[in-house]
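One structure is given below, encoded as structure tokens.
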Amino acid sequence: MNAPTCCLARIPANGKFWLKNARVHDGFRDIRIENGRVRALVAAGESPCCAPGLDLEGGEVRRMDGDEPVAAGDPADLWVTLCGGRTVPMRAGRLESGGPQDVAATNGPADGSDR
């Protein structure tokens, strides 16, 4: 799988996941996304180890609507730099790859595994 497809397959269909090891305005954070919103930002490594999500390996996460910092309560309309280095839009908590794999990838395993 290419990086966007691989990452999309790790997002559970219920819309609740973590963006782990994300670079934001003030350092590295784990970002909780729930139901299309940013629910929490915690220090990188503080999210539950077995919780579903994406390890961005230091990839940047920033808001789409300007230069304000990403904050809890914001809509999850973000620019996300994936583990493969490609920056993709996330709208309402759903990563978009710009291709037909969006539907197939998001119907993958709900537990966030690679299978």
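Under the side chain to side chain contact (heavy atoms under 4.5 Å, CB included) criterion, R63 pairs with D65, E68, V70, D74, L78, not counting sequence neighbours. For R32, the side chain to side chain donor-acceptor pair (under 3.5 Å) test picks out E34, with sequence neighbours left out. Partners of E57 by salt bridge (charged side-chain N to carboxylate O under 4.0 Å, His left out), not counting sequence neighbours: none found. The side chain to side chain contact (heavy atoms under 4.5 Å, CB included) check on N21 picks up D30, A44, D55, with sequence neighbours excluded. Partners of D67 according to the side chain to side chain donor-acceptor pair (under 3.5 Å) rule, which considers only residues two or more places apart in sequence or in another chain, do not exist here. For the side chain to side chain contact (heavy atoms under 4.5 Å, CB included) test, residues two or more places apart in sequence or in another chain that qualify with P75 are R37, D77. The side chain to side chain contact (heavy atoms under 4.5 Å, CB included) check on N35 picks up K16, with sequence neighbours excluded. Residues forming a side chain to side chain donor-acceptor pair (under 3.5 Å) with R91 (at least two apart in sequence, or on another chain): E96.
Of all heavy-atom pairs between A51 and W18, the closest is CB-CD1, 3.6 Å. What you find for I31 and A22 is that their closest heavy atoms are CD1-CB, 3.9 Å.
Atom CG of L19 sits about 9.5 Å away from atom CG of L41, to the nearest 0.5 Å. Between atom CG of residue L54 and atom CG of residue L82 there is a gap of 7.0 Å, rounded to the nearest 0.5 Å. Put simply, CZ on R86 and CG on L95 are 10.5 Å apart, with the number rounded to the nearest 0.5 Å.
Annotation: salt bridge (charged side-chain N to carboxylate O under 4.0 Å, His left out) contacts involving residues 17-28, sequence neighbours excluded, comprise D26-R29.
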